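Treat the numbers as computed from the prediction; the structure is a model and nothing was measured. Note: hydrogens, waters and symmetry copies are ignored here, and every other heavy atom, side chains too, is used. All residue numbers refer to positions in the sequence shown, counting from 1.
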Amino acid sequence: MKSSQRAAAALLSGLLACATAEAAPARIDGVIASANQDAYVVTTAQGRQERISIDDRTRISVRTPAAHSILDHGAYVGVTATPQADGTLLASEVHVFPETQRGVGEGHHPMNGLPGTTMTNAAVKSVTVRAHPMSTNAAVAASTEVAGARQLTLTYPDGTQTIVVPDNVPVVTTATADRKALARGAHVIVNGERGADGAITAARISVGANGSVPPI
């Protein structure tokens, strides 16, 4: 390889490495203000205009409000939550997944873009009641109501989490959707990577239906 070719290759490699290094995890929620093929603009609750791009790898789902009674033995759920001083997690939103998504993302992880907030995908072993908010995906083994809250015990291959779900915490069901759900005015939660130009490449988009909007 000629020296000029080696120099060009090194420069390209450096640019690619820089672009990769500058990409950062991002999570936003807001309302779709405009849509143009694969490019969208989302207005956040703070009034920011965020540019979103999607491709064939972007996963789109629709969430619909559900009753807390759906949190029963055997349900596979995803709970957004925050750690409490006593070691439990306090839920801010609970997703109940269809059977086709059972086991997806199983485990306990911090959520990108939300410091101090976690997402746990797991199987719920039992349920009683208390009060606190946080995030977890799991299968529910049993449920008991106490003081207007449910306490879920979620298990996954290498651990267990206890999550408190107060009666004012939104519970939603989710279903797979396509780009038709990304209409102007729809509320969305976008997870992806923010590039050096400030735009977000979406990996996952959750679209609210029937008034489903997560707590701020």
Would you say that Asp29 contacts Val190 through its side chain, given a criterion of any heavy-atom pair below 4.5 Å between the two side chains?
no
Minimum heavy-atom distance Gly198-Arg51, with the two atoms named
C-NH2, 4.1 Å
Identify the two heavy atoms, one from Pro83 and one from Gly116, that lie closest to each other, and give their separation to 0.1 Å.
CD-O, 3.0 Å
Before giving the answer on side chain to side chain contact (heavy atoms under 4.5 Å, CB included), spell out for Lys125 and Leu152 the whole-Å C-alpha distance, their side-chain angles and the decisive distance to 0.1 Å.
CA-CA 8 Å; Lys125 182 179 180 180; Leu152 312 181; over 6 Å; no
Let me check something: do Val62 and Ile52 share a hydrophobic cluster, defined by ILVMFWY side-chain heavy atoms less than 4.5 Å apart, either directly or through other members?
yes
CE-NE2 distance between Met119 and His95, expressed to the nearest 0.5 angstrom
6.0 Å
Between the side chain of Thr155 and the main-chain N/O of Ala123, is any donor-acceptor distance below 3.5 Å?
yes
Assess the residue pair Ile54 and Leu182 against the criterion (side chain to side chain contact (heavy atoms under 4.5 Å, CB included)); give the C-alpha distance rounded to whole Å, side-chain angles, the decisive distance to 0.1 Å, and a yes or no.
CA-CA 11 Å; Ile54 68 172; Leu182 302 177; 3.9 Å; yes
Return all side-chain donor-acceptor pairs below 3.5 angstrom for residues 34-43, not counting sequence neighbours, or 'none' if the list is empty.
| residue | atom | partner | partner atom | Å |
| --- | --- | --- | --- | --- |
| Asp38 | OD1 | Arg179 | NH1 | 2.3 |
| Thr43 | OG1 | Gln49 | NE2 | 2.6 |

Residue pair Pro65 / Ala209: nearest heavy atoms and the distance that separates them:
CD-O, 3.2 Å
Can a donor-acceptor pair be found, under 3.5 Å and without considering hydrogens, that links the side chain of His68 to the backbone of Val169?
yes
May I ask whether Ile32 and Ile200 are part of the same hydrophobic cluster, defined by side-chain heavy atoms of I, L, V, M, F, W, Y residues being less than 4.5 angstrom apart, directly or through others?
yes
With a 4.5 Å heavy-atom cut-off, do Glu93 and Val172 have their side chains touching?
yes
Straight-line distance of Thr201 OG1 to Arg57 CZ, nearest 0.5 Å
8.5 Å
So Phe97 and Tyr76, would you call those rings parallel, tilted or perpendicular, with 30° and 60° as cut-offs?
tilted
Which atom pair, heavy atoms only, marks the closest approach of Ser92 to Pro170?
O-CD, 3.3 Å
When you measure from the side chain of Thr58 to the backbone of Asp55, do you find a donor-acceptor pair of N or O atoms at a distance under 3.5 Å?
yes
Arg102 versus Ala75, closest heavy-atom pair with distance:
NH2-C, 4.2 Å
Distance from Ser206 atom OG to His187 atom NE2, nearest 0.5 Å?
9.0 Å
Using a 4.5 Å cut-off on heavy atoms from C-beta on, say whether the side chain of Gln151 contacts that of Val165.
no
Could you pull out the closest heavy-atom pair between Ala66 and Thr173, with the gap in Å?
CB-CG2, 3.9 Å
Give a yes-or-no answer on whether the side chains of Ser126 and Thr153 include a donor-acceptor pair shorter than 3.5 Å.
yes
Check for me, please, whether Ile70 and Leu154 land in the same ILVMFWY cluster - side-chain distances under 4.5 Å, paths through other members count.
yes
Arg150 side-chain N/O to Leu71 backbone N/O, donor-acceptor pair under 3.5 Å
yes
Are the side chain of Asn210 and the backbone of Thr64 linked by a donor-acceptor contact shorter than 3.5 Å?
no
Short side-chain to backbone donor-acceptor contact, Asn121 and Gly105, under 3.5 Å
yes
Is it true that Thr174 and Arg63 share a donor-acceptor pair across their side chains at a distance under 3.5 Å?
no
Sub-3.5 Å donor-acceptor pair from the side chain of Gln84 to the main-chain atoms of Thr82, do we have one?
yes
Is there a path of hydrophobic side-chain contacts, each under 4.5 Å between heavy atoms, that joins Ile205 and Ile28?
yes
